[in-house]
Visitor: 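Starting off with a structure, shown below.
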Amino acid sequence: PDVLVLDIEGQGSPRARELVHILRRSHPALRVIILSAVSSFEDGELIEEGVFYYMTKPAGGMLVEVVEAAGRAALRKQLEG
């Protein structure tokens, strides 16, 4: 897959950061979009792990736009590479 939406609700930031780190190592081109019920300072560290986009819930139509943008970015990268 080119895009992954990850809902970190109930996982806590340390577990989410570990999961994102694993995903980035195993799938470096993957665009990871994080959804969180409550924004926290610790969640900001997820962005440093290479998350494509971070947003709080409810995301509504914005999530669709971000997924589409991530898909376009992935396609551009494939065409360039």
Side-chain angles (χ1 to χ4, degrees):
D2 296 320
V3 180
L4 173 75
V5 178
L6 181 61
D7 186 342
I8 63 171
E9 183 175 1
Q11 293 188 29
S13 294
R15 273 190 79 193
R17 189 172 58 211
E18 180 182 347
L19 179 57
V20 168
H21 184 69
I22 290 167
L23 287 168
R24 300 302 306 142
R25 275 187 300 163
S26 59
H27 303 286
L30 183 67
R31 273 39 176 205
V32 179
I33 299 167
I34 299 284
L35 290 176
S36 179
V38 179
S39 182
S40 70
F41 177 78
E42 291 81 17
D43 287 350
E45 295 174 354
L46 292 171
I47 296 168
E48 295 175 2
E49 292 290 334
V51 169
F52 182 81
Y53 203 87
Y54 173 92
M55 60 190 348
T56 56
K57 297 189 286 184
M62 180 73 172
L63 177 59
V64 174
E65 293 177 26
V66 172
V67 169
E68 289 174 347
R72 287 191 301 272
L75 179 59
R76 246 188 335 270
K77 182 80 169 177
Q78 289 173 0
L79 294 175
E80 291 173 358

Visitor: Do you reckon V67 sits in the same ILVMFWY cluster as M55, going by side-chain contacts under 4.5 Å, direct or chained?
Guide: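 Shared cluster, yes.
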
Visitor: Rounded to the nearest 0.5 Å, what separates atom CZ in F52 from atom CG in L30?
Guide: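 So the gap between those two atoms works out to 11.0 Å.
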
Visitor: State which residue, out of L6, I33, L23, I34, fulfils the side-chain contact (heavy atoms from CB on, under 4.5 Å) condition with V51.
Guide: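 Passing option: I34.
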
Visitor: Determine whether more than 12 heavy atoms belonging to other residues, nucleotides or ligands lie under 6.0 Å from atom NZ of K57.
Guide: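 For K57, atom NZ is crowded (more than 12 foreign heavy atoms under 6.0 Å).
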
Visitor: Nearest 0.5 Å please: distance from the CD atom of E65 over to the CE atom of M62.
Guide: 6.0 Å

Visitor: Just so I know, are the side chains of R31 and L4 near enough to count as touching, which here means a heavy-atom distance under 4.5 Å?
Guide: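 Of all side-chain heavy-atom pairs linking L4 with R31, none is under 4.5 Å.
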
Visitor: Would you say Y53 has more than 12 foreign heavy atoms packed within less than 6.0 Å of its OH?
Guide: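 Check fails, neighbour count at 12 or below.
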
Visitor: With rounding to the nearest 0.5 angstrom, report the CG to CD distance, L75 to E80.
Guide: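 Going from CG on L75 over to CD on E80, the span is 10.0 Å.
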
Visitor: Rounded to the nearest 0.5 Å, what separates atom CZ in R72 from atom CG in D2?
Guide: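 The distance works out to 13.0 Å.
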
Visitor: Indicate, with yes or no, if V5 and Y54 share a hydrophobic cluster defined by side-chain heavy-atom contacts under 4.5 Å among Ile, Leu, Val, Met, Phe, Trp and Tyr.
Guide: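 No; tracing contacts between hydrophobic side chains, which count when under 4.5 Å, never links both residues.
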
Visitor: Heavy atoms only: give me the nearest G71-V3 pair and the separation to one decimal.
Guide: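 In terms of heavy atoms, the two residues are closest at N-CG2, 3.7 Å.
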
